[in-house]
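Down below is the structure, laid out as structure tokens.
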Protein chains: 2
Amino acid sequence: MVKSPYTCIMNELSTEQKIIEGARKVFMAKGKSGARMQEIADEAGINKALLHYYYRSKDQLFNAVFEEVMSGFVPRLFGLLNSDLPLEVKVYQIAERYTELLTNHRELPLFILSELQNDPKRITNKIPTGREVFKNLEDQLKREFEKGNIREIKVEMFVMNLISMLVFPFAGRNLFQSVAGMDNDQYTAFLQERMIEVPKFIMNALKP
Amino acid sequence: MVKSPYTCIMNELSTEQKIIEGARKVFMAKGKSGARMQEIADEAGINKALLHYYYRSKDQLFNAVFEEVMSGFVPRLFGLLNSDLPLEVKVYQIAERYTELLTNHRELPLFILSELQNDPKRITNKIPTGREVFKNLEDQLKREFEKGNIREIKVEMFVMNLISMLVFPFAGRNLFQSVAGMDNDQYTAFLQERMIEVPKFIMNALKP
DNA sequence: GTCTATACTCTGATAGAC
DNA sequence: GTCTATCAGAGTATAGAC
């Protein structure tokens with residue numbers, strides 16, 4: 001299962017990588033229960049039996065994909081939240097990075113949230129948890145409050161407000177786009193505009 | 001298929017109602033592709049064959065459930081958004097109603113959003129769409145701005161910010177609760193606190 | 001209208017050749 | 001490691017008695 005990356009010759013991915021790529025694509029589009037092993041095999045350009053050769057079962061293949069996705073997503077956010085940048089810069093940076101990420105991976109939020117709802121205990125394995133994950137940011141908010149730069153706000157509220165406003169518009173795209181009567185281009189522009197407007201909104205809300 | 005409500009005797013739901021109830025429960029918990037007809041039948045306390053007698057196929061049963069859920073959810077929001085209440089009261093009221101609704105129907109947001117992602121064109125049928133659905137609210141925001149009570153803000157931004165901050169914490173409960181190291185009671189308290197904090201946050205952000 | 005029994009399709013998983 | 005062929009079980013849907 002473990003293999004040197006240098007076995008890749010001439011731009012070709014290893015079979016294992018092709019499988020993971022194909023599986024991620026199909027699982028993210030259809031969800032775990034909606035995905036078909038045949039479709040994953042087709043997507044990877046290999047045979048169905050090979051899926052079982054590398055990963056014993058659909059369950060195990062899904063787990064591999066899910067862990068890969070999660071470990072590339074959540075820690076990145078923690079890094080941004082706890083960086084040493086000034087608060088306002090940090091908020092703008094997070095908005096920019098997340099807008100970029102979700103623009104390129106439209107299905108990411110609903111994939112993660114849906115699969116976690118189906119199997120809540122899946123979370124406990126891979127990613128950092130506990131109150132200290134927001135420690136740096138919490139201290140920063142406290143310092144800014146004591147300097148009189150912002151209102152007092154709990155770090156959980158701050159994080160939830162920021163992430164909600166950034167992620168939800170992507171998760172709810174199909175609903176909101178239809179309801180608001182926008183076409184694809186208009187909604188994409190709307191999301192780009194929010195990349196600036198959300199940080200502005202938040203910094204306004206924090207003004208003492 | 002159409003039946004008088006008075007055929008219900010002694011607190012018993014009609015078979016059709018029992019089916020819809022059971023189907024909604026299972027579909028919302030497992031999603032369309034994860035749901036099993038047998039489980040729906042069990043939940044409704046009837047036989048599997050009866051499901052097909054009333055609704056020809058799983059697809060049609062799902063459509064019936066989905067339309068019922070949607071038509072009881074989105075229009076309610078429009079009513080609140082476009083009511084004639086003063087802006088601040090309106091925001092507090094929406095927060096209260098939505099927190100209450102989602103507390104009792106935890107799976108609602110991910111159910112709707114996931115199924116819409118699987119089948120985007122499903123939306124076009126049942127609910128009101130187009131720019132005029134926010135007309136009243138848009139006028140209200142404009143008036144308040146002209147009176148100097150609030151900053152200028154596009155109605156789509158306002159609505160998206162409000163709904164995001166209210167709904168996302170429910171959709172992302174499993175993720176955020178684990179990451180923040182809260183237990184169930186703590187997170188429930190967090191959500192209750194947001195019912196007040198989100199409107200406050202929004203009204204602050206709107207201050208000129 | 002409601003049930004039991006069953007037909008039939010789909011799909012995850014395995015066997016075995018190369 | 002990769003393929004073809006096939007099995008076994010699950011799941012949707014239907015037939016037919018009552």
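Residue numbers begin at 1 in each chain, while the letters A, B, ... track the order of the sequences.
Residue B:A41 is out of contact with every strand shown, counting any heavy-atom pair closer than 4.0 Å.
If you take CG of B:N47 and P of D:dA17, they are 17 Å apart, rounded to a whole angstrom. Put simply, NZ on A:K18 is 13 Å from C1' on D:dC3, counting in whole angstrom units. Atom CZ in B:R56 sits about 5 Å away from atom P in D:dT14, given to the nearest Å.
Distances were taken from every side-chain heavy atom of B:Y53 (C-beta onward) to each of D:dT14, C:dA13, C:dT2; the shortest belongs to C:dT2.
Within the structure, every side-chain polar atom (N or O) of A:T15 is placed at least 4.0 Å from both OP1 and OP2 of D:dG1. OP1 or OP2 of C:dG12 sits under 4.0 Å from a side-chain N or O of A:R36. Proximity of A:Y54 to the phosphate of D:dT2: a side-chain N or O atom is located under 4.0 Å from OP1 or OP2.
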All N/O donor-acceptor pairs, side-chain side in residues 21-30 of chain A, below 3.5 Å, sequence neighbours left out:
from: A:E21; atom 1: OE1; to: A:R24; atom 2: NH2; distance (Å): 3.0
from: A:E21; atom 1: OE2; to: A:R24; atom 2: NH2; distance (Å): 3.0
from: A:R24; atom 1: NH1; to: A:E68; atom 2: OE1; distance (Å): 3.4
from: A:K25; atom 1: NZ; to: A:E43; atom 2: OE2; distance (Å): 3.0
from: A:K30; atom 1: NZ; to: A:E39; atom 2: OE1; distance (Å): 3.0
from: A:K30; atom 1: NZ; to: A:E39; atom 2: OE2; distance (Å): 2.9

Ignoring hydrogens and angles, write down the donor-acceptor pairs under 3.5 Å from the side chains of residues 97-111 of chain A, residues two or more places apart or on other chains.
from: A:T99; atom 1: OG1; to: A:A95; atom 2: O; distance (Å): 2.7
from: A:T103; atom 1: OG1; to: A:T99; atom 2: O; distance (Å): 2.5
from: A:N104; atom 1: ND2; to: A:E100; atom 2: O; distance (Å): 3.3

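Each of A:K58 and B:I46 lies near DNA chain C, and the nucleotide nearest B:I46 is the one positioned closer to the 5' end.
Between A:V198 and A:M203 the shortest side-chain heavy-atom distance does not fall below 4.5 Å.
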